[in-house]
Amino acid sequence: MQTPIPCLFMRGGTSRGPFFLESDLPADMALRDKVLLAVMGSPHARQIDGLGGGHPLTSKVGIVRPSTTPGVDLDFLFAQLQPDRETVDTTPNCGNMLAAVVPFALERGIVRPQGDTTTLRVLTLNTDMQCDITVRTPGGRMEYQGEARIDGVPGTASPIAINFLDTAGSVCTGLLPTGRTRDVIDGLEVTCIDNGMPMVLFRAADLGRTGAESVETLNADTELKARIETLRLKAGHLMGLGDVGPKNYPKMCLVAPPSAGGALGTRCFIPHVCHDAIGVLAAVTVATACVLEGSVTEGLANVPGGAVKTIAVEHPTGEFSVELELDLADPQKVVRAALLRTARLLMKGEVMIPAAIWEGKSA
Ligand code: NQM
């Protein structure tokens, strides 16, 4: 016997995963997590018995509901699973999966299109973060085709604009959780920062790397990965996050001078494998470090002038442009971050899970 659960399978930015209405999943959180593990086929390196794609970027789940918060249209809960671990982590954000939230809600009919474009306010429950998301809805339907191109995804699609209202200190207590723009851990200069994603930034050159290595080279670099994990565990305590051993953050980012006309070169570990591109809020956080005096990006980053600036964060498959608006009175303070994503509905139907795990709502 199997239990069917209504599900839309969606690409959000450079990530992919099943999306659910909260009301279609068990209310009990422990049971919900068991259901999500069964949906994805975790823990198993290839997730052969589920929908997961054998990589952290394809082991993500979105859960959506109409919001009851005044001024907010939708609540979004992101769950990070892992191929080979039995964990369901709802602590960090995912700005890529976030891009699919409004298309999902329109498809499921829990919100109404507003005209040629639809702008909705979304609250990410993981870190209590709000943003405005604009999608194209000509003729009252979600439009997926378009001319927008994001690096890491083939082809073009309809643009989805995300405007983050307040991202500083998402999981950490503030933007600079150690109170400094630069710390030294094990003799290595680092910047511990959280503008939507807890991250540790360090210069690739300080570890004898260029920061231009391929993802394959970095994933095979066991010496570097061991060094980064030791650093991550120590940084976790310094950032007030406790033992981050089983957690998916902080993300660890090698920074280097730009090599393709952007602001900064990056190679981001999320946290155990190297990202093929860079996470959305990871890009916002790295861009923010670029405007902070004294961060490890100083002397490497090429930052344009003005209170509103576009910072192109280079990554292994291209670049990620983040528009930052700085506080005129305090140019060290970012008041708004905006960026472009795309998303696409890939499949709609029911995902089947063994009834031994959950017998469903009506049982
Ligand atoms: O930083 C990967 C992704 C992410 C997260 C990760 C993300 C973000 O690319 O907001 O999007 O860092 O695990 O989906």
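In listed order, ligands and their atoms are each counted from 1. Only this structure's heavy atoms are used, side chains among them; waters, hydrogens and symmetry mates stay out. Position 1 is the first residue of the sequence, and the numbers go up from there.
- Under 4.0 Å is where a charged nitrogen must lie from a carboxylate oxygen, and between D73 and R121 no such pair does.
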For ligand 1, find each of its N or O atoms that sits under 3.5 Å from a protein N or O atom, and tabulate the pairs with distances to one decimal place.
| unit_1 | atom_1 | unit_2 | atom_2 | d |
| --- | --- | --- | --- | --- |
| ligand 1 | 1 (O) | V280 | N | 3.3 |
| ligand 1 | 1 (O) | L281 | N | 3.1 |
| ligand 1 | 1 (O) | A282 | N | 3.0 |
| ligand 1 | 9 (O) | N96 | ND2 | 2.8 |
| ligand 1 | 9 (O) | H275 | NE2 | 2.6 |
| ligand 1 | 10 (O) | G95 | N | 2.7 |
| ligand 1 | 10 (O) | V280 | N | 3.4 |
| ligand 1 | 10 (O) | L281 | N | 2.7 |
| ligand 1 | 11 (O) | G95 | N | 3.3 |
| ligand 1 | 11 (O) | N96 | N | 3.2 |
| ligand 1 | 11 (O) | N96 | ND2 | 3.1 |
| ligand 1 | 11 (O) | V280 | N | 3.1 |
| ligand 1 | 12 (O) | K251 | NZ | 3.3 |
| ligand 1 | 13 (O) | K251 | NZ | 2.9 |
| ligand 1 | 14 (O) | S15 | OG | 2.5 |
| ligand 1 | 14 (O) | K60 | NZ | 2.9 |
| ligand 1 | 14 (O) | N96 | ND2 | 3.2 |

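- R341 is not listed as a side-chain neighbour of I133, based on a closest heavy-atom distance of 4.5 Å or more.
- Rounding to the nearest 0.5 Å places CE of M199 at 11.0 Å from OG1 of T191.
- No side-chain donor from either of D132 and N163 sits under 3.5 Å from a side-chain acceptor of the other.
- Between D186 and K234, at least one side-chain nitrogen of the basic residue sits less than 4.0 Å from a carboxylate oxygen of the acidic one, meeting the salt-bridge criterion.
- Between E213 and R267, no side-chain nitrogen of the basic residue sits less than 4.0 Å from a carboxylate oxygen of the acidic one, so the salt-bridge criterion is not met.
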